[in-house]
S.K.: 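Following this message is one structure expressed as C-alpha cells.
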Amino acid sequence: MKAGARRSFADAGPPPHARAVPWVSVMLASTLTVVPVIATVPLMPPPGLMLLLAWRLLARFALRPWAAAPLGFWDDLLSGQPLGSAVLLWSLCFIAIELVESGAAARSFAQEWLIAGAALAFCLLAGRLIALPHVPVAWPLMGAQIAVAVLAFPLAARLVAWIDRKRGPLA
Amino acid sequence: MAPVRDRRTGFSRRRQYGVFMGYVLAVAGAVVGAVLLVASAFDPPPFAGLRMAAAAVTTPVSSGLATGVRAVAGVPGAVGDFFVVYGRNRAMAEQLRAQGALLTRARALSYENRRLRALLALRDRSAQPVVTARLVSSTAASGRRFALLDAGGFSGVRPGMPVRGPVGLIGRVVETGPNAARVLLLVDPESIVPVRRTRDGAPAIAAGRGDGSLDIRSVYTTDLRFRAGDLFVTSGTGGLYPPDVPVARVLGDGSDTVRARPFAVPDTLDFALVERPYMPIPTEARR
C-alpha cells in the first residue's frame, strides 16, 4: 500500500478523499429532496438517514461518532423539518447504536436490519411529532412510510457496501 | 459472525482519550440538536435565512431537472395529440356552438353585475399578480408539506403572498430567498383557509390533514350538513386569499367536519401564480 507506507505509523488512516466519501454520500442522499416531484403525501423514506445508518452499521469507522449532528444539520436545512430535529434524532440514533453494539456478542445483517428499522421508525415518528406536535398522526400513512423505509434499507446497505468497496484502499 | 472486539483502545492514552472525546462530542451533538429544536419553536429569522440559502442552491438544480422531466413527459402527449387532433377539433367546434347562447347570457349578466356594483359604490379589489413561476420540489420525506417555488425576493415574492394554480388555490408563501420561496401547501396540517360553499355561501374552514386531503370544518354554531360534491371556494375573510378561488370538493356526506379533496394538485408541470395579499398587510402598508 503506497499511501500508507509513506505516512508514519501514528496517523495511518484512510486517505482524505476516502474519508470524505461517507460524508459526501450522506449529504447527497439528503439532497435527494431536490427531485422535481411535488408530493402531497409524505411516503418517501428519509434517504439521508438510511445512508447514515448503513454507513454506521456496515462500516462503523467510516464516520466519527459525532458525525450525526453536522450531517443532521444539513438534512434539516433541506428536509422542511424544524431546524435541529435531525441533529437531535440522528445523534440519539448513533448513541443508541453505540450502546447496543457494546452489549452485542455477534453481528449479522438481520440484526443490523432490525437496528436500522427501529432507528428509522423512531426517527420518522419522532420527527413527525416534533414537526406537528398538535396534529394527530395519520397512522396508516405513517405505517406505510415506515414500512417503505424499512424495506428499502437493504438497498441502502447495498449502495453503501458498493461505495465502500470503490472508495479505495483503507490504510 | 465474529464478536465485536475492535473497540479496544489498548494502553495508548492518546487513543483512549480520542475515543472518549468522540463519545463526548456525540452526546454534545444531541444536546446542540435539542437546543436548536427549542430555538426553532420560536422560528428565528436566521434559521429561515439558512434554509433559504440552501434552497437558493438547490432550486436551480430542481428547475433544471423539472425542465428535463417536462420535456420527456410532453412527448407522449404530443404524439397522442397528433393522432386525435382532428376529432378533438370537431368536438370542440360543436361544444363552442352549443355554448354560444350561454356565453351571450353570461356576458349580459356580467355587464348587469358590474353596473349594479357600480351603483352600490362597492370598492372592488382585483388580484394583482406578482410573478408566474413553477413549483420545483417538495419536502417528500417530512410530515410538513412545503414546496419550493423557483422565484424569490428578486421577483418581488414576499412571505404571506397567496399562490394559486390554474385550477385552484395551492397555498401561501412562508419564507423567501433571493431566487426561491417556500410555499406552505393547502394540505399541510398547519394550513388553514377560510372558505365558503358555492351553493349557499355557508362559511367554513379548510384545514390540511397531512395525508393529501383537507378537513372542511363548519364555523356555524348550528349544525351544517355537508353533501358529497359540495364545492368550496375561498371567502376572502382575513384578507390574505382573494375570494372565489376554488379550494376543495367534499368527498362524503357529513356534518361539522368532512373530508375534501383539493382542486389544485400541485405538480411541477403546472404554473403557479403568486399574487399580492388581497388586502395589504397593515405593517407592510406603513413601511
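The figures here come from the full heavy-atom set of this structure, side chains too, leaving out hydrogens, waters and symmetry mates.
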S.K.: With a 3.5 Å cut-off and sequence neighbours excluded, list the donor-acceptor pairs that the side chains of residues 125-141 of chain A form with protein atoms.
M.R.:
residue, atom, partner, partner atom, Å
A/R128, NH2, A/P136, O, 3.2

S.K.: Please state whether the side chain, the backbone, both or neither of A/Q145 comes within less than 4.5 Å of a heavy atom of chain B.
M.R.: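 For A/Q145, side-chain heavy atoms alone lie under 4.5 Å from chain B.
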
S.K.: Looking at B/S213, B/A54, B/P189, which one has more heavy-atom pairs under 4.5 Å with chain A than the rest?
M.R.: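 Answer, by heavy-atom pair count under 4.5 Å with chain A: B/P189.
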
S.K.: Name the member of A/A69, A/S79, A/P45 that forms the most heavy-atom pairs with chain B at distances under 4.5 Å.
M.R.: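 Option with the top pair count is A/S79.
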
S.K.: Of all heavy-atom pairs between B/V187 and B/P262, which one has the smallest distance, and what is that distance?
M.R.: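 Closest pair (atom of B/V187, atom of B/P262, distance): CG1-CG, 3.9 Å.
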
S.K.: Counting N and O atoms only, with roles assigned by atom type, does the side chain of B/D188 sit under 3.5 Å from a partner on the main chain of B/E190, one being a donor and the other an acceptor?
M.R.: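 Pair found, side chain donor or acceptor close to backbone of B/E190.
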
S.K.: Which region of B/V31, side chain (C-beta onward) or backbone (N, CA, C, O), has a non-hydrogen atom less than 4.5 Å from a non-hydrogen atom of chain A, or is it both or neither?
M.R.: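 Looking at B/V31, nothing touches chain A.
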
S.K.: Using a heavy-atom distance cut-off of less than 4.5 Å, which residues of residues 56-63 of chain B contact chain A?
M.R.: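 The residues closer than 4.5 Å to chain A, in numerical order, are B/T58, B/V61, B/S62.
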
S.K.: Should the pair A/R56-A/E101 be classified as a salt bridge under the 4.0 Å nitrogen-to-oxygen rule?
M.R.: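 Yes, this pair counts.
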
S.K.: Evaluate the side-chain proximity of A/P46 to A/L120: yes if any heavy-atom separation is below 4.5 Å, no if none is.
M.R.: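 Yes, close enough: below the 4.5 Å cut-off.
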
S.K.: Among B/L37, B/V265, B/V24, B/T139, which residue has the highest count of heavy-atom pairs closer than 4.5 Å to chain A?
M.R.: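 Most heavy-atom pairs under 4.5 Å with chain A: B/L37.
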
S.K.: For residues A/W90 and A/L53, determine if any side-chain heavy atom of one lies less than 4.5 Å from a side-chain heavy atom of the other.
M.R.: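 Sidechains of A/L53 and A/W90: no contact.
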
S.K.: Measure distances from A/L83 to the heavy atoms of chain B and classify the residue's part below 4.5 Å as side chain, backbone, both or neither.
M.R.: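 For A/L83, the contact with chain B is made by backbone and side chain together.
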
S.K.: What is the ring orientation for A/F109 with A/F153, classed by angle as parallel under 30°, tilted 30 to 60°, or perpendicular over 60°?
M.R.: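 Answer is parallel, since the angle falls under 30°.
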
S.K.: Which residues in residues 143-152 of chain B have any heavy atom closer than 4.5 Å to a heavy atom of chain A?
M.R.: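 Expected list: B/G143, B/R144, B/R145, B/F146, B/A147.
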
S.K.: Does some side-chain heavy atom of B/L185 sit less than 4.5 Å from a side-chain heavy atom of B/I170?
M.R.: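 A side-chain contact under 4.5 Å exists here.
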
S.K.: Would a 4.5 Å heavy-atom cut-off, applied to side chains only, mark B/F226 and B/S218 as touching?
M.R.: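 In short, these two side chains touch, coming nearer than 4.5 Å.
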
S.K.: Quick one: does B/L169's side chain get under 4.5 Å of B/L186's, heavy atoms only?
M.R.: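 Heavy-atom side-chain distance check passes, below 4.5 Å.
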
S.K.: Could you look at B/A34 and say if it's the side chain, the backbone, both or neither that has a heavy atom under 4.5 Å from chain A?
M.R.: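 Backbone plus side chain of B/A34, per the 4.5 Å heavy-atom cut-off to chain A.
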
S.K.: Using the side chain to side chain contact (heavy atoms under 4.5 Å, CB included) criterion, which residues pair with A/S25? Sequence neighbours excluded.
M.R.: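 Residues passing side chain to side chain contact (heavy atoms under 4.5 Å, CB included) with A/S25: A/L51, A/W55, A/I163.
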
S.K.: Using a cut-off of under 4.5 Å for heavy-atom pairs, which of A/V34, A/L49, A/V87, A/L124 has the most such pairs with chain B?
M.R.: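 Going by pairs under 4.5 Å, I would pick A/V34.
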
S.K.: Does any backbone or side-chain atom of A/P82 lie under 4.5 Å from a heavy atom of chain B? Answer side chain, backbone, both or neither.
M.R.: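 Both parts, heavy atoms under 4.5 Å.
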
S.K.: A/D76 versus A/S85: any side-chain heavy-atom pair under 4.5 Å?
M.R.: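 Touching, per the 4.5 Å side-chain cut-off.
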
S.K.: Under the 6.0 Å and 45° cation-pi test, does B/R249 pair with B/F263?
M.R.: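 Here B/R249 fails the 6.0 Å and 45° test against B/F263.
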
S.K.: Given heavy-atom pairs under 4.5 angstrom as the criterion, report whether the side chain, backbone, both or neither of B/L65 touches chain A.
M.R.: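 Both backbone and side chain of B/L65 come within 4.5 Å of chain A.
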
S.K.: Step through the shown structure and confirm whether more than 12 heavy atoms of other residues, nucleotides or ligands are within 6.0 Å of CZ on A/R64.
M.R.: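 Not more than 12 within 6.0 Å, no.
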
